[in-house]
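Side chains are part of it too, since the values below use all heavy atoms of this structure and drop only hydrogens, waters and symmetry mates.
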Amino acid sequence: ENIDEYITIILDNCSDRITDEEPAVLEIINNPEIDIDNKTRYITLLQTEIEQIETVDDKELWSLLLEEKLVKYSESNILSYFFLSKNGLDSFLVRFINDFDYKLKFDSDSIDSDFGENAASNFFKAIITCNELNNERYESILYSLNMYYPSFSITGIEEDKIHILIKLKIIQMSEDTLIFMREHYPNQLILFITRNIKQYTEEVINEENFDLDEMLSLIEEKINDKYKVRLLGFTSEGISLRQKEYSDAVKLHILNNNLDADDIPFLLDCYPKESKDVKTAIKSIAIEYIIDILDAQYSIPFELLLELH
């Protein structure tokens, strides 16, 4: 007659292990006549997996069920907890997501259909701002959601996760986002630009937002020379070729438009091993600066001397 007393007796004599079938488990957990302390104790001893967390009426018990790993690891249970428990992406749900090696797949349209308008967006933002998720889960969830930010302005995200957001193109290139990334995530800025180099050079960068140091970093990256030359066109500042491995196209643009006069002795030394086009550019520089070269008594390679005569 007194179900709560009966459960107390079972708990005291169960050898610290309960293996009831799921229907029996739900009958006990959902029985309003059983004290919450007994339900809690019952759950901590339980070995049975619950298929759907929603079948447990008392949402106050959901976090304990996750903590004890008694809920099937599934997208539906994660979403039910996130939206229905009112706890969102709390530490219990984060640990639950992290603790299983299973590739999660979420569909944004289905989330909106099941949990209401903008539900997918709310879940998406919660995932993005959760530094506690391990990177593998973080990336797989965001990849499956297939959503992005046209304009990104979220601070406080760890560097490794910003790297993932850039890789998945969740952070889209725009002038506002570029300026935001410069200020808040400078360590990931070059990656962000190189992953979006076409938009950056053709749609975003202009005379007002051009940054010389940024450009100097970019011309050393593995991007197409046409983008490097386009960026070089924004400045007439002298750029040194010393200890650089620029392509001929970049070298030629710099020699013709951004000569650093202090490079002249270096360029003379390099003349013999340069390509035909670069040699032609160096020869033109040598002719233009011949008086300075002679006054400073710079060494001129024999091959260049013959060309100059």
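Using a 4.5 Å cut-off between side-chain heavy atoms of Ile, Leu, Val, Met, Phe, Trp and Tyr, with links allowed through other members, I36 and I34 fall into the same hydrophobic cluster. If you chain together hydrophobic residues whose side chains sit under 4.5 Å apart, L212 and I179 never meet in one group. Residue V229 is not grouped with residue I205 when hydrophobic side chains (ILVMFWY) are merged at heavy-atom distances under 4.5 angstrom, including chains of intermediate members. Cluster membership for Y148 and L191, using ILVMFWY side-chain heavy atoms within less than 4.5 angstrom, is not shared. Note on L306 and I287: separate hydrophobic clusters, where clusters join Ile, Leu, Val, Met, Phe, Trp and Tyr whose side-chain heavy atoms are under 4.5 Å apart, directly or indirectly.
Within the 3.5 Å criterion, the main-chain N or O of E5 finds a donor-acceptor partner in the side chain of N2. S113 places no side-chain N or O within 3.5 Å of a backbone atom of D109 that could act as its donor or acceptor partner. Checking side-chain atoms of N258 against main-chain N and O of T235 turns up a donor-acceptor pair under 3.5 Å. Side-chain atoms of S144 do not come within 3.5 Å of backbone N or O of K105 as any donor-acceptor pair. Under the 3.5 Å distance criterion, the side-chain polar atoms of S110 are left unmatched by any main-chain donor or acceptor of F106. The backbone N or O of E132 lies less than 3.5 Å from a partner atom in the side chain of N98, making a donor-acceptor pair. Without hydrogens or angle criteria, N209 side chain to N206 main chain gives a donor-acceptor distance under 3.5 Å.
Side chains of F192 and Y185 form no contact here, defined as non-hydrogen atoms less than 4.5 Å apart. Side-chain contact between Q243 and F266: absent, with no pair of heavy atoms (C-beta onward) separated by less than 4.5 Å. Within the 4.5 Å cutoff, the side chain of F115 has heavy atoms near those of the L84 side chain. Considering only heavy atoms from C-beta on, F124 comes within 4.5 Å of Y149 through its side chain. Two residues are said to be in side-chain contact when any heavy atoms from C-beta on lie closer than 4.5 Å; F152 and L165 meet this criterion. With contacts defined as side-chain heavy-atom distances shorter than 4.5 Å, the pair K161/Y138 qualifies. Between E22 and I50, some side-chain heavy-atom pair lies under the 4.5 Å cut-off. With a 4.5 Å cut-off on side-chain heavy atoms, K251 and D248 count as touching.
A donor atom on one side chain and an acceptor atom on the other are not found under 3.5 Å apart for D269 and S299. A side-chain donor from one of S80 and E54 sits under 3.5 Å from a side-chain acceptor of the other. A side-chain donor-acceptor contact under 3.5 Å links S247 and D225. With 3.5 Å as the limit, one finds no donor-acceptor pair spanning the side chains of N118 and S121.
Summarising the geometry, atom CG belonging to N87 is positioned 9.0 Å from atom CG belonging to L93; distances are rounded to the nearest 0.5 Å. Between the CG atom in D16 and the CZ atom in R41 there is a gap of 8.0 Å [rounded to 0.5 Å]. Here I28 contributes atom CD1 and I3 contributes atom CD1; the two are 7.0 Å apart, rounded to the nearest 0.5 Å. We find the CD-OG distance between E307 and S284 to be 10.5 Å, quoted to the nearest 0.5 Å. In this structure, the separation between CG on L255 and CD1 on I285 is 4.5 Å, given to the nearest 0.5 Å. Atom OG1 of residue T201 and atom NZ of residue K228 lie 12.5 Å apart, to the nearest 0.5 angstrom.
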Could you give me the CA-CA distance, side-chain angles and deciding distance for E274 and K279, then say whether salt bridge (charged side-chain N to carboxylate O under 4.0 Å, His left out) is met? CA-CA 6 Å; E274 294 292 352; K279 282 180 176 178; over 6 Å; no
Could you go through E202 and Y227, starting from their C-alpha distance and side-chain angles, then the distance that decides it, and tell me whether this counts as side chain to side chain contact (heavy atoms under 4.5 Å, CB included)? CA-CA 9 Å; E202 296 179 3; Y227 299 125; 4.0 Å; yes
Let me see the working for K244 and E220 under salt bridge (charged side-chain N to carboxylate O under 4.0 Å, His left out), right down to the final yes or no. CA-CA 8 Å; K244 302 296 181 185; E220 295 194 54; 2.8 Å; yes
I'd like to know whether I111 forms a side chain to side chain contact (heavy atoms under 4.5 Å, CB included) with L145, so could you lay out the CA-CA distance, the side-chain angles of the two residues, the decisive distance to 0.1 Å, and finally the verdict. CA-CA 10 Å; I111 295 172; L145 283 168; 3.8 Å; yes
Salt bridge (charged side-chain N to carboxylate O under 4.0 Å, His left out) between D99 and R137, intermediate numbers included: CA-CA 10 Å; D99 281 347; R137 297 288 92 72; over 6 Å; no
Is there a side chain to side chain contact (heavy atoms under 4.5 Å, CB included) between L11 and I18? Walk through the geometry before answering. CA-CA 8 Å; L11 292 172; I18 296 172; 3.7 Å; yes
I would like to know whether I97 and L104 meet side chain to side chain contact (heavy atoms under 4.5 Å, CB included); could you show each step before the answer? CA-CA 9 Å; I97 293 171; L104 296 161; 4.1 Å; yes
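What you find for L231 and F210 is that their closest heavy atoms are O-CE1, 3.6 Å. G156 and N131 get closest at one heavy-atom pair: O-ND2, 3.0 Å. Considering all non-hydrogen atoms of both residues, I190 and E214 come closest at CD1-O, 4.2 Å. The minimum heavy-atom distance linking I282 with Y271 is given by the pair CG2-CD1, 3.8 Å. For the pair D262 and P265, the tightest heavy-atom approach, listed with the atom from each and the gap, is O-CD, 3.6 Å. Scanning both residues, T177 and P150, for their nearest heavy atoms gives OG1-O, 4.1 Å.
Among T8, D20, D37, the one residue that satisfies the side chain to side chain donor-acceptor pair (under 3.5 Å) test with Y42 is D20.
Within a 6.0 Å radius of CD in E136, no more than 12 heavy atoms belonging to other residues, nucleotides or ligands are found. By the neighbour-count criterion of 12 heavy atoms within 6.0 Å, atom OH of Y6 is sparsely surrounded, having that number or fewer from other residues, nucleotides or ligands. Other residues, nucleotides and ligands place no more than 12 heavy atoms under 6.0 Å from the CD atom of E27. Atom CG of N134 is surrounded by more than 12 heavy atoms from other residues, nucleotides or ligands within 6.0 Å. A 6.0 Å sphere centred on CD of E303 holds more than 12 heavy atoms belonging to other residues, nucleotides or ligands. Counting non-hydrogen atoms of other residues, nucleotides and ligands closer than 6.0 Å to CZ of R17 gives a total of 12 or fewer. Heavy atoms of other residues, nucleotides or ligands lying less than 6.0 angstrom from CD of E245 number 12 at most.
Here E51 pairs with K72 in a salt bridge; the nearest charged N to carboxylate O distance falls below 4.0 Å.
Taking the centre and axis of the six-membered ring of F180, the NZ or CZ atom of R182 falls outside the cone set by 45° and 6.0 Å. At least one cation-pi condition fails for K69 and F96: the charged atom is not both under 6.0 angstrom from the six-membered ring centre and inside a 45 degree cone around its axis.
Aromatic ring pairs are classed by plane angle as parallel below 30°, tilted from 30° to 60° and perpendicular above 60°; the pair F123 and F82 is perpendicular.
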